[in-house]
Amino acid sequence: MAVMTCRDAVVRALDEEMARDEDVIFFGEDVGKAGGVFKVTPGLYEKYGGRRVRDTPISENAIVGAGVGAAVTGMRPVIELMFADFAAVTLDQIVNQAAKLRYMSGGQIQVPLTIRMAQGSAGGFGSQHSQCCESWFMHAPGLKVCVPGTPADILGLLKSAVRDDNPVIFLEHKGQYAERGEVPDHADHLVPMGEARVVREGGDVTIVAVQRMVGVALKAADTLAEQGVECEVIDPRTLVPLDMETIARSVEKTGHLVTVEEAVRAGGWGAEVVSQITENNIWSLEGPVVRVTLGAGIIPFSQPLEEHLLPGPEDVVAAVQRSLEA
Amino acid sequence: MAVMTCRDAVVRALDEEMARDEDVIFFGEDVGKAGGVFKVTPGLYEKYGGRRVRDTPISENAIVGAGVGAAVTGMRPVIELMFADFAAVTLDQIVNQAAKLRYMSGGQIQVPLTIRMAQGSAGGFGSQHSQCCESWFMHAPGLKVCVPGTPADILGLLKSAVRDDNPVIFLEHKGQYAERGEVPDHADHLVPMGEARVVREGGDVTIVAVQRMVGVALKAADTLAEQGVECEVIDPRTLVPLDMETIARSVEKTGHLVTVEEAVRAGGWGAEVVSQITENNIWSLEGPVVRVTLGAGIIPFSQPLEEHLLPGPEDVVAAVQRSLEA
Amino acid sequence: MSTSLGAAVRHKMLTNMLLVRQTEERIQELFLENVIRGTTHLCIGQEAVSVAMAEVVDAARGDTVTCTYRGHGHALALGMSLESMMAEMMGKVSGCSKGKGGSMHLADLDVGLLGTFAVVGAGLPVTNGAALTAQMRGTGAISISIFGDGTPNIGAWHEAVNLAAVWKLPAVFLCENNRYGEYTPYEDTAPVPNVADRAAAYGIPSVIVDGQDAEAVYPVLLEAADRARAGDGPTLVEALTYRYRGHSRSDPATYRPEGELERWMERDPINILAGRMQADGQLTAAEFEALREQQRAEVQRVTEWAMNEPWPALEETLEDIWAPSGDDAGVGEGA
Amino acid sequence: MSTSLGAAVRHKMLTNMLLVRQTEERIQELFLENVIRGTTHLCIGQEAVSVAMAEVVDAARGDTVTCTYRGHGHALALGMSLESMMAEMMGKVSGCSKGKGGSMHLADLDVGLLGTFAVVGAGLPVTNGAALTAQMRGTGAISISIFGDGTPNIGAWHEAVNLAAVWKLPAVFLCENNRYGEYTPYEDTAPVPNVADRAAAYGIPSVIVDGQDAEAVYPVLLEAADRARAGDGPTLVEALTYRYRGHSRSDPATYRPEGELERWMERDPINILAGRMQADGQLTAAEFEALREQQRAEVQRVTEWAMNEPWPALEETLEDIWAPSGDDAGVGEGA
Ligand SMILES: Cc1ncc(C[n+]2csc(CCOP(=O)(O)OP(=O)(O)O)c2C)c(N)n1
Ligand SMILES: Cc1ncc(C[n+]2csc(CCOP(=O)(O)OP(=O)(O)O)c2C)c(N)n1
Ligand SMILES: [Mg+2]
Ligand SMILES: [Mg+2]
């Protein structure tokens with residue numbers, strides 16, 4: 001097993017897919033000559049040239065649209081929107097066009113497009129550069145939504161995304177780019193969509209979290225273990241499709257459910273998980289389900305406020321205790 | 001009590017507010033000389049003139065931004081985005097700018113802006129002109145979200161929205177414009193935000209629905225009454241703020257909860273209602289909570305498919321039966 | 001470049017214009033009869049642009065087109081079958097999009113029609129992508145995006161024309177300036193007299209052309225297409241035209257100044273071409289009537305056929321959302 | 001219009017340029033010391049535009065400004081107190097936005113700064129709204145929006161300039177063309193040689209001006225402001241300038257061609273104005289040094305003060321989201 005950073009995993013996935021299939025092209029703002037503002041894509045421009053790796057104007061609508069049109073006509077474009085927050089300037093191209101073209105054409109069209117963006121808090125980026133935006137995309141059938149949180153999952157899911165014939169929203173957590181992890185050595189590591197990963201096993205409570213919140217959940221689990229509470233931590237890795245089977249199986253076992261999201265509460269994926277459990281597995285619940293989220297908060301710049309707003313291990317511990325209380 | 005249509009209620013609210021306060025201005029595409037594409041705003045241009053009632057270019061970013069800037073500097077603009085689906089072309093101005101400017105300025109700024117749009121299915125408008133879009137806005141703290149479904153609520157809430165010092169998303173259901181209803185005669189009918197309306201009382205199950213789905217729920221309630229099941233139908237009227245108190249009180253009484261949404265399931269307000277109940281009132285639940293939604297569907301053009309996808313009374317009846325089953 | 005086309009091409013264009021006209025007139029009736037629901041946007045009066053555009057497009061080479069909700073004319077001119085279109089208008093399973101798209105969402109990859117886009121400006125960025133594929137693969141294909149005079153006001157339009165200019169994409173941007181965006185006249189919402197004036201901002205050529213004369217539009221588009229193919233980037237073409245009907249089904253078009261419609265009808269695109277063919281001895285009055293009647297009958301036949309076609313099965317409702325892809329085909333109820 | 005300003009105005013401009021320069025140099029150090037976190041965008045090298053712009057703005061009359069994340073210079077030149085800004089940079093409660101905004105989100109209504117916008121192009125539509133208020137109320141106020149050379153590529157920019165032109169809003173669009181959008185040179189992503197070339201698409205006047213010379217920028221902006229006030233609509237002003245530092249904290253700017261930075265530094269805005277004042281006998285070398293030292297000391301004092309200011313209380317986290325409004329004040333945890 002090689003150890004690499006999340007950053008390395010992105011560029012390795014793109015490199016492998018571009019080498020494998022010359023229909024894979026990659027474009028976005030500053031992704032080419034400069035290697036990306038998060039320094040995630042260095043070397044691709046040099047290796048594959050300015051035709052396959054393109055710097056674009058600051059024109060997110062044009063970027064996504066070009067991705068859609070190229071995908072519809074046979075390419076497999078990967079595009080980058082840099083900060084996920086900027087997807088808001090081109091939501092129409094994503095949720096009204098890319099997501100629906102296949103359906104509206106009665107299945108004539110397919111849109112094998114991967115849209116990469118960096119989401120989440122990385123410390124002091126403020127209200128418009130720190131959001132987790134998965135909710136915008138989960139609400140648009142036709143889009144798959146990946147939220148990998150380890151180098152291995154980034155590598156394996158990004159390669160799967162490129163090969164998928166659907167538009168895939170690929171959300172990297174910018175606060176995790178420097179995190180390291182093991183990655184299988186073999187040449188073609190793929191992670192299928194819709195398969196959750198049980199990160200830690202435990203019989204007392206199920207905690208569902210993605211990306212940076214997995215680490216937060218694991219820290220909480222350590223603390224709780226000292227108190228004799230064994231947490232099962234599940235990372236769904238993709239939100240569409242969502243592996244409810246694994247989650248439900250766990251809740252059947254533990255009777256308790258806590259979700260941990262780095263996003264605004266209303267409209268989040270946590271509510272979807274909770275609701276599906278309450279619809280299909282209610283009798284397995286032995287306590288209130290608790291969501292840990294940003295509530296109705298906006299991400300502040302100031303360090304203590306930002307840290308206060310973001311879910312931390314202590315918030316998860318409190319949520320688990322609440323869920324066990326009753 | 002006068003009887004009027006939802007359409008009339010919109011123009012009456014705007015007329016009353018424009019007469020009351022000359023800082024109220026109104027603009028959008030074709031809203032002036034033509035009186036709006038839904039014929040919702042006739043006469044305002046003639047009465048208040050082309051300075052206060054303006055036709056704009058097809059430039060949704062510019063429209064919302066002009067609303068934001070005018071609001072910040074002291075006006076109380078009302079803008080129209082026509083089909084709510086088009087908000088996707090300017091989501092940034094709505095969720096990143098309008099919603100956050102106050103917070104990011106440490107409370108210096110206020111944005112008394114009302115953004116009107118028409119959402120929902122009206123029969124054969126297809127995938128990009130029929131969506132219910134509340135989810136996009138609920139997920140952005142700083143925005144209030146109104147979803148009135150009767151002439152009286154449209155009148156009273158639109159007037160409240162204009163007077164509110166926050167940006168308010170005002171969603172009218174285009175399939176309801178011709179619906180009629182009673183409206184109080186007195187000059188200044190206001191409906192406060194965050195107060196649900198109990199549309200029908202019943203002790204067996206709580207059904208939460210807004211706009212056109214209230215009628216669907218009521219029809220289901222009639223059918224269920226024949227079977228001896230008494231439904232309590234609650235219309236929250238605003239999703240932010242959301243009157244969970246009224247809903248929770250009802251669920252405490254009935255023990256059963258069904259939500260009915262004319263929107264995609266994941267990320268919808270139904271999941272929020274369900275999750276809050278499961279967090280705060282779980283022991284009052286005597287059966288699974290069931291959400292009636294579009295599932296992961298895209299709205300088709302073809303009549304039988306569209307009708308099949310949209311929740312109907314029979315879907316609600318089935319959901320209630322499921323919730324009572326266990 | 002010659003502006004006088006051969007008799008065969010003229011005949012095809014005329015036939016297609018008649019087909020479009022008859023089809024749309026019938027569509028309007030079908031709306032009033034409640035056979036077609038929702039909304040629709042007729043291009044009656046604008047048919048010359050459609051048929052001239054279609055002459056430039058070669059789907060076999062990979063040429064593609066995006067246009068707006070006002071797309072019946074373009075679809076038919078490109079060669080979408082009338083059956084396919086009429087059934088789609090009625091939401092029948094034999095429609096081009098199995099009834100799921102409807103009037104505003106026609107698509108037919110076989111004739112190069114990537115889609116008719118119902119959100120203003122949304123088609124142009126997608127056309128760029130198709131042009132990008134052509135550029136990458138060196139196919140010599142072009143992509144044409146057709147839009148109205150109100151569309152240059154929207155951001156997506158600007159970004160797309162700009163990117164096409166920067167990347168010198170083989171794209172053609174074709175504006176049907178029919179004087180109105182919905183109910184609002186062009187000049188009320190635009191800061192420049194002509195849509196073509198916008199080209200300066202992108203350093204690309206622009207041409208204003210008489211949109212009522214198919215034979216005037218054709219060579220302009222051909223030149224633009226050749227320029228695109230040669231690697232010289234996009235051209236902005238502004239065709240001056242007029243819609244005889246309201247913006248959409250529900251619009252009686254009371255905003256027109258008196259006499260405006262009548263003046264434009266004097267320059268009817270069908271009459272212009274038919275008249276010229278008659279003057280050139282390529283068509284007699286009787287032949288013209290017969291052609292019209294033939295199209296009328298065809299529309300009638302297909303309408304009846306379409307009315308008797310089946311609806312899509314209800315199970316179709318959640319089909320076609322997801323492309324089958326490896327293991328996770330049919331994510332279905334997904335999220 | 002005279003381009004030689006009075007000694008007092010020159011002195012103020014020079015002082016403010018020195019203040020901005022010293023402040024930003026200190027900010028960069030504070031980043032390296034981890035006192036300031038997140039990201040920041042310095043305008044070192046571009047100070048002339050800020051101080052010239054500020055001379056045109058009268059907040060008392062209602063004039064307003066929006067700019068980008070590269071806004072420290074504009075904020076200080078407009079009169080935001082250094083305390084207010086430095087505390088904001090550190091996330092302290094005494095910052096202009098109580099520490100909630102940070103470097104990218106400065107705002108100070110008292111000096112007319114509506115906000116510094118972190119999403120490219122987002123400020124222009126908002127400037128239009130402020131200009132609309134001025135137009136409605138007949139206050140004679142203007143609104144200036146400042147943005148970079150990469151910004152005209154985005155849709156919001158286009159829509160805003162277009163609407164301002166159509167409505168003849170009292171707006172001024174001021175481009176700081178510093179040759180790069182992030183790490184990509186202007187010409188790689190723009191189809192026209194000058195940003196000013198875009199004005200033709202909106203039928204509005206444009207001017208290109210030497211952005212290193214405050215005294216050149218000032219009259220151009222004054223004329224644009226007068227035109228706006230007179231009801232003649234917006235002007236597009238392109239100030240040619242250069243940023244000495246990278247795009248943001250993390251950028252070493254390796255993409256610069258050799259010698260480019262050095263050539264621009266030879267036309268340093270502070271030296272240009274100081275040199276001219278010396279030539280005109282309005283400033284001695286010693287006075288200049290004293291002024292610089294004075295600003296340096298002030299920055300030092302305020303930095304220390306800000307470092308000792310308190311953080312906002314944790315309860316502040318969810319405050320300021322909602323404006324109190326009638327009955328439903330404090331919707332708080334709301335949704
Ligand atoms: C983004 C967006 N805004 C508004 C609309 C509503 N709308 C549909 S057609 C239209 C007018 C378009 O005018 P024009 O571009 O001239 O095309 P025409 O209809 O005349 O062919 C408008 C405003 C829309 N579909 N999309
Ligand atoms: C919509 C959007 N896309 C991308 C970005 C990322 N971004 C921040 S600054 C910038 C470059 C802007 O360049 P320019 O307009 O020249 O301004 P400058 O930074 O040079 O002052 C980009 C692409 C953004 N903030 N918003
Ligand atoms: Mg038009
Ligand atoms: Mg720049």
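Chain A is the first sequence line, chain B the second, and so forth, proteins listed ahead of strands; every chain is numbered from 1. Keep in mind it's a predicted model, so treat the numbers as computed, not measured. Every heavy atom of this structure was used, including side-chain atoms; hydrogens, water molecules and symmetry mates were not.
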Just do the side chain to side chain contact (heavy atoms under 4.5 Å, CB included) check on B:M82 and C:E182 with the steps written out, would you?
-> CA-CA 12 Å; B:M82 204 183 303; C:E182 291 189 339; 3.2 Å; yes

Contact leader toward chain B among [options], where contacts are heavy-atom pairs under 4.5 Å:
{"options": "C:P312, C:A313, C:A190, C:S250", "answer": "C:P312"}
{"options": "C:I154, C:L314, C:T39", "answer": "C:L314"}
{"options": "C:G101, C:G121, C:G155, C:S97", "answer": "C:G101"}

Go through B:S130, B:G32, B:G123, B:S127 and name the one with the most non-hydrogen pairs under 4.5 angstrom from chain C.
->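 Highest number of heavy-atom pairs under 4.5 Å: B:G123.
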
Heavy-atom pair count under 4.5 Å with chain C, highest-scoring of B:K39, B:K33, B:H129 =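 Among the listed options, the one with the most contacts to chain C is B:H129.
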
So which heavy atom on B:G36 is nearest to which on C:Y183, and how close?
->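 Heavy atoms only, the tightest pair is O-CE1, 4.2 Å.
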
Got a second to check how far [X]'s [atom1] is from [Y]'s [atom2], nearest 0.5 Å?
{"X": "C:M90", "Y": "B:S302", "atom1": "CE", "atom2": "OG", "answer": "12.0 Å"}
{"X": "B:L310", "Y": "C:T317", "atom1": "CG", "atom2": "OG1", "answer": "10.0 Å"}
{"X": "C:K100", "Y": "B:I298", "atom1": "NZ", "atom2": "CD1", "answer": "9.5 Å"}

Side-chain touch [X]/[Y], heavy atoms, less than 4.5 angstrom:
{"X": "C:H105", "Y": "B:Q128", "result": "yes"}
{"X": "C:T184", "Y": "B:E29", "result": "no"}
{"X": "C:L318", "Y": "B:L309", "result": "yes"}
{"X": "B:Q303", "Y": "C:K92", "result": "no"}

For [Y], does its backbone N or O pair with a side-chain atom of [X] as donor and acceptor, under 3.5 Å?
{"X": "C:T189", "Y": "B:P57", "result": "no"}
{"X": "C:N153", "Y": "B:S59", "result": "no"}
{"X": "C:R37", "Y": "B:F125", "result": "no"}

Region of C:V120 that comes under 4.5 Å of a non-hydrogen atom in chain B |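 Looking at C:V120, just its side chain touches chain B.
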
Checking heavy atoms, do the side chain of C:Y255, its backbone, both or neither come under 4.5 Å from chain B?
->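 Neither; nothing under 4.5 Å.
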
Could you tell me which portion of B:N61 (side chain, backbone, both or neither) has an atom closer than 4.5 angstrom to a non-hydrogen atom of chain C?
->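 Contact with chain C: none, neither part.
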
With a 4.5 angstrom heavy-atom cut-off, could you sort out which part of B:V37 is near chain C: side chain, backbone, both or neither?
->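 Answer is both: backbone and side chain atoms of B:V37 are under 4.5 Å from chain C.
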
